Amino acid sequence: MPEERGTPAGPVHVEGEVVATKRVGAYRHLTLAAPGIPERFRAGSFVAVTVAGHVARRALWVHRVRGSSAFGPTLDVVVQVQGSGTAWLAAQPVGTRIAITGPLGRAFALPKEAVSCLLVGEGYAAAPLFPLAERLRERGCAVSLVVSAPDEAHLLSALEARRSARSVTVLTADGSVGQRGGVPDHVDELLRRSDADVVYAAGPAVVLRSAAAAAERAGAWSQVAVEVPTPCGTGLCHGCPLPVVGEDGVDRVVRACTEGPVVRGDRVRWDHL
Amino acid sequence: MPEERGTPAGPVHVEGEVVATKRVGAYRHLTLAAPGIPERFRAGSFVAVTVAGHVARRALWVHRVRGSSAFGPTLDVVVQVQGSGTAWLAAQPVGTRIAITGPLGRAFALPKEAVSCLLVGEGYAAAPLFPLAERLRERGCAVSLVVSAPDEAHLLSALEARRSARSVTVLTADGSVGQRGGVPDHVDELLRRSDADVVYAAGPAVVLRSAAAAAERAGAWSQVAVEVPTPCGTGLCHGCPLPVVGEDGVDRVVRACTEGPVVRGDRVRWDHL
Amino acid sequence: MSAARLGSVPGPVMVAAGCGGTGRELLPYADQSGLDGLDLVTRSITLDARSGGPGPRVVEVPGGLVNAVGLPNPGLEHFLATELPWLVRAGARVFVSVAGATMGEYADLARRLSRAPGVAGLEVNVGAPDEAGAGLFEVREPYHAASVIAAVRREFPTDRPVLAKLRPDVSRIVEGARACHEAGATAVVVGNAVPAAFADGRPAGLSGPAISPIALRCVAEVHRALPDVPTIGCGGVHDLASARAFLDAGARGVQVGTALLNDPTTVARLRAVLLPDHLTTPEETP
Amino acid sequence: MSAARLGSVPGPVMVAAGCGGTGRELLPYADQSGLDGLDLVTRSITLDARSGGPGPRVVEVPGGLVNAVGLPNPGLEHFLATELPWLVRAGARVFVSVAGATMGEYADLARRLSRAPGVAGLEVNVGAPDEAGAGLFEVREPYHAASVIAAVRREFPTDRPVLAKLRPDVSRIVEGARACHEAGATAVVVGNAVPAAFADGRPAGLSGPAISPIALRCVAEVHRALPDVPTIGCGGVHDLASARAFLDAGARGVQVGTALLNDPTTVARLRAVLLPDHLTTPEETP
Ligand SMILES: Cc1cc2nc3c(=O)[nH]c(=O)nc-3n(C[C@H](O)[C@H](O)[C@H](O)COP(=O)(O)OP(=O)(O)OC[C@H]3O[C@@H](n4cnc5c(N)ncnc54)[C@H](O)[C@@H]3O)c2cc1C
Ligand SMILES: Cc1cc2nc3c(=O)[nH]c(=O)nc-3n(C[C@H](O)[C@H](O)[C@H](O)COP(=O)(O)OP(=O)(O)OC[C@H]3O[C@@H](n4cnc5c(N)ncnc54)[C@H](O)[C@@H]3O)c2cc1C
Ligand SMILES: Cc1cc2nc3c(=O)[nH]c(=O)nc-3n(C[C@H](O)[C@H](O)[C@H](O)COP(=O)(O)O)c2cc1C
Ligand SMILES: Cc1cc2nc3c(=O)[nH]c(=O)nc-3n(C[C@H](O)[C@H](O)[C@H](O)COP(=O)(O)O)c2cc1C
Ligand code: FES
Ligand code: FES
């Protein structure tokens, strides 16, 4: 699949600002003024943000971009508090200035033709599937979206996606909403039903792996957005090893932030991740 | 002058909380819930607070204590933003939890008899003179209060002190309010007018030194509250050298946080500070 | 000499030298038993009184503190007359940190301390971050440290521990630990503040969380090379995780310095968790 | 040999080894002139390709990072064929960092790099924080480092600089700097990441603001003892104040590593301020 080319390209490093913040279930949604980033953004790329008092940067998927708003160009991110950095981010009030670099990494590759696509996302990592769905619909693709989570609080709302997606399926591990179970339990069935040529997946490794395997069984392409800790996010430190099989069949370790985060599902050496 | 004795004594280390915050001129006033501290407090002692991401602690004078309030026991501090730590403190919203240790150090010694007292304070450091004035008035002392600052924005409001003080004088370097000039320019005249037996001073070294010298010239006692950087505030690190002359006439270096911050003005070796 | 014959290793949590004031200042932050049973290393005591260096003595840097305090202390005599008896009465297990300009001074300190009632053990400061500036005996090679330990050991009863406190310098720590242990050190404290400078270039020592990975590397190297030499980790311990990292790397105990300056209750809190474990674990005998 | 005859000292701001990706990744964060004229040290290049160590390779700690990346690089041949020509075309002044398991490998790297068009100079990595783990030639004593420098110098044209990158180890830095300079190093880079460990005890290196006071001490000691040996400060430089502290302590320039990982524009911002000063200051000739 060819890379989509647009201008302007490449990441920028800007001083952004929190312009809106809202708790949704277990997550904190932040809207960040981030001049220069929305016009460069492609679904699946991410941003690296600076967290006060921390040397390593924090990677965040981009849930939505707006080229213009009352605050200029903005982007939305979904933060799940996991450690000190995400706790800091979630606690920032409107007005906090935050250095943002992005968009970073390889985005989801888009199909040349109007094919059928299955999008599978779990937890906050489903975020980049929403702009992807829009983009695919613009290209005339039939989009089936699966949003999964351990429970309702960790489910990204699929409401807005109903415009871009032909079908939306909700899965929760505890069955609190939608179908009970996880992606591995349902992915083959969902793939068969959607008759997809391409599977896009975002979420923990177990979700990505099951989606990639299902795609392979069904003879479909897969593109997975892998999360590996990314100390810089910009390709400078080589601290984000992603073990893959190269096009030449040779085992390699690439940088998840630069040669990833999105890679072909059949290329990932899952056992070495 | 004997030390006042009360119970309970000694400092405590507590998790406090910001319960109110307000900008007043150039300062940020914070009210901190600080169980255990108000009942131990004596004017001139200070608290050490923990600043997120910083190893050294920040010392703050106590402007006011309330044994009980809607938030339990609280204390008020006045923060002037100078560096990263005070910037952090000034930015905290209501609800932030802050580790507080106090009251720390030697407080102002109170006269045994109902004598006349001159209280001289500059900038935020005038803060401890307000509870001191109340205490002195309770003991029947005649209190003359001098509040000084470079300009109006840095002047602590003396309004409330009018109850405890017989006279209140305001000095600003730029003459924007009150008399024009600094403490060194006016202290001899103020001392003569107040006919004080004891001078209490708080502020930068130049203010303390001039007050101590004026007291000496007038044959009065002086007590000065010295600010020396206090990395721990608790007497543990010996990092806050205060050069003094001991009672035995021998030069010594004592800990400003433990043997100070309040010492007799005639004991400080100003040239070595 | 076997370690068993040279006193038992204190721990698991000790107050590091120079970060506990005179000891008294810790009392308000102790648990109900006060200082009773607390393993406390005094600030380094020299034969003669020292007033310490000029200010600023302690400056904050990212993740830590840089300090050049200059070993302010009242001198041995005054210490024996006032501070030590107070600490002993309070029930602390007092390890007196000793520092000297010559081998003879170390021996002298050890001899006089061996006769002072209530001294639980000694800690020999043979790895200060700026020995020249502090006017201390310079330990350039491991055998320098070992000769100081031998000199101290000769003067101090073998049933009481002597701890050798070394610099967390990975290129020499294994050799230093071996030499000091052979010279009679009961355990090796790894390490001191790391040689550093203030922003203006003035020599100083770096301490606090920033140096924890450095000290941990040294402890791990010593434990790997010399599993029979008891080590006590010191450098950046500030919470349970950082303390446990040292214990997991093979240390018998940890010392807490800078963290006490940030939160004076740190040692009490760590002891509350780690002491019960320690008391139920049979001590390994090398 | 005089330093003047061995190439001129780069500076005042360089990209430190291993913190600039392949160089290309810095382009979006450069100023208008792109990489033109930028003094860039490559990540350490070995004869054969290396895929680097397992994750986690880089972990955050207070004030810095702990890393054991394992020198991932495509090997000399591939580097010469692809990365170097790109950098040269972009106008960067490329200092290739070389690392080897034996003296022979260092010599080999130097020989082949001496013939590669566009190599501005070499930086010899003789102070990695975990040489054994990285499979590098072990530099236990200053003369080990000096022999590597001599071997490299023999193979590399004397009109181009060879930088010796040493560990910021205060007990050996002066001797190391002297020995490397005598062996033909144009300047000494002080220093590398500090030997450290991950929380699980795995050997690694500590970098970032946390180590700045350590590297600064080393620079100050070298400058005091050997004012004629040009030094380049490296360790924790992240803003103008930290860069100036090194220059004030006598360094001719600074390298920026970890700070680029936090803010990729750091070098461009520092150059904007420090380069004009540098160009107008006549270079001291020792
Ligand atoms: C490409 C990518 C996109 C991401 N998008 C999002 C998002 O949209 N929303 C969200 O909430 N989180 C996202 N994450 C995860 C988020 O970056 C981590 O939760 C966060 O870095 C952990 O930081 P902390 O400060 O909360 O935890 P801490 O425990 O303080 O982190 C300590 C260190 O470990 C690293 N680290 C630890 N776990 C992870 C992890 N799982 N992934 C990456 N780094 C880790 C951190 O970067 C930091 O260096 C993303 C991660 C990647 C790699
Ligand atoms: C007894 C005492 C009472 C104080 N009371 C108040 C008060 O009521 N309100 C107020 O705004 N400020 C007060 N200060 C000063 C306040 O503690 C300092 O402004 C503050 O420590 C500087 O910290 P920072 O984080 O703003 O600056 P930074 O530049 O970030 O400080 C860096 C380091 O230097 C130390 N430091 C630098 N300057 C000073 C200084 N002048 N005094 C003490 N430490 C310093 C800090 O503790 C810290 O370790 C008091 C200081 C002392 C000693
Ligand atoms: C303010 C201060 C004073 C110190 N004084 C001494 C001392 O007198 N003797 C000594 O051996 N170590 C001294 N140290 C070093 C500490 O005991 C400890 O070894 C070092 O700081 C590393 O541990 P930490 O990171 O827990 O502080 C001092 C450290 C500090 C910060
Ligand atoms: C992720 C990472 C990779 C590094 N790789 C190398 C390397 O390949 N060769 C080398 O000599 N130094 C390497 N270093 C060390 C840096 O060049 C630098 O000397 C050290 O990190 C201290 O400087 P800093 O605090 O500015 O990072 C690396 C450092 C980091 C953080
Ligand atoms: S996170 Fe630094 S190179 Fe990928
Ligand atoms: S500030 Fe630490 S002893 Fe005074």
Side-chain angles (χ1 to χ4, degrees), chain A residues 8-15 36-37 40 48-59 83-85 88 98-105 205 226-244 246 250-259 269 271-273, chain D residues 15-30 34 40 42-44 49-74 204 206-211 236 238 256-269:
Chain A
V12 291
H13 181 81
V14 298
E15 190 181 56
I37 298 183
R40 291 168 167 85
V49 299
T50 303
V51 172
H54 290 256
V55 174
R57 303 193 80 199
R58 300 304 193 266
S84 57
W88 183 86
I98 297 181
I100 309 176
T101 313
L104 293 165
V226 189
E227 273 186 35
V228 160
T230 50
C232 74
T234 46
L236 298 174
C237 77
H238 285 85
C240 53
L242 175 59
V244 298
V250 177
D251 283 359
R252 287 226 166 65
V253 178
V254 299
R255 289 167 294 181
C257 69
T258 307
E259 284 81 32
R269 294 188 280 137
D271 289 332
H272 295 84
L273 201 61
Chain D
V15 175
C19 298
T22 66
R24 271 174 227 237
E25 296 81 4
L26 284 172
L27 199 48
Y29 316 107
L40 180 141
T42 68
R43 65 197 185 292
S44 291
R50 287 174 172 232
S51 58
R57 289 179 172 180
V58 180
V59 165
E60 200 179 49
V61 293
L65 298 176
V66 170
N67 87 79
V69 172
L71 305 183
N73 80 92
L206 176 65
S207 69
I211 68 165
H238 65 287
V256 180
T258 301
L260 280 169
L261 313 183
N262 179 261
D263 178 343
T265 66
T266 310
V267 164
R269 285 187 293 104

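What's counted below: heavy atoms across the whole structure, side chains too, no hydrogens, waters or symmetry copies. Proteins come first, then strands; the chains are lettered A, B, ... in the order of their sequence lines, and each starts at number 1. What you see is a predicted model, and the numbers here were worked out from it, not measured in a lab.
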Measure [X] against the heavy atoms of chain D and call it side chain, backbone, both or neither at under 4.5 Å.
X	value
A:Arg252	neither
A:Leu242	neither
A:Pro229	neither
A:Thr50	side chain
A:Ala56	both

- Between A:Pro243, A:Gly239, A:Pro241, which residue shows the highest count of heavy-atom pairs closer than 4.5 Å to chain D?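 Top count of heavy-atom pairs under 4.5 Å with chain D: A:Pro241.
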- Message: If you count heavy-atom pairs within less than 4.5 Å of chain D, which of A:Leu236, A:Thr258, A:Val51 leads?
- Response: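 Ranked by heavy-atom pairs under 4.5 Å with chain D, first place is A:Leu236.
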Spacing of [atom1] belonging to [X] relative to [atom2] belonging to [Y], to within rounding of 0.5 Å:
X	Y	atom1	atom2	answer
A:His13	A:Thr234	NE2	OG1	9.5 Å
D:Asn73	D:Ser51	CG	OG	10.0 Å
D:Leu261	A:Thr230	CG	OG1	11.5 Å
D:Arg269	D:Asp263	CZ	CG	4.5 Å

- Query: Looking only at atom types and distance, does a side-chain atom of D:Arg57 sit under 3.5 Å from a main-chain N or O of D:Gly70, one as donor and one as acceptor?
  - Reply: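 Answer holds: no.
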- Query: Contact part of D:Arg43 toward chain A, heavy-atom cut-off under 4.5 Å: side chain, backbone, both or neither?
  - Reply: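 Contact with chain A: side chain only.
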- Region of D:Pro209 that comes under 4.5 Å of a non-hydrogen atom in chain A: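 Contact with chain A involves the side chain of D:Pro209 alone.
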- Applying the side-chain contact (heavy atoms from CB on, under 4.5 Å) test to D:Tyr29, which of D:Val267, D:Thr265, D:Thr266 qualifies?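 Output: one option passes, namely D:Thr265.
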- Would A:Trp88 and A:Val49 satisfy side-chain contact (heavy atoms from CB on, under 4.5 Å), going step by step from the backbone distance to the final call? CA-CA 11 Å; A:Trp88 183 86; A:Val49 299; over 6 Å; no
- Task: Just do the side-chain contact (heavy atoms from CB on, under 4.5 Å) check on A:Ser84 and A:Arg58 with the steps written out, would you?
- Result: CA-CA 11 Å; A:Ser84 57; A:Arg58 300 304 193 266; 4.0 Å; yes
- Item | chain A interface, residue from D:Ala49, D:Gly20, D:Pro54, D:Gly55 that has the most non-hydrogen pairs under 4.5 Å |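 Among the listed options, the one with the most contacts to chain A is D:Gly20.
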- Query: For chain A, which of D:Gly208, D:Gly63, D:Gly64 has the most heavy-atom pairs under 4.5 Å?
  - Reply: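 Greatest number of close heavy-atom pairs with chain A: D:Gly64.
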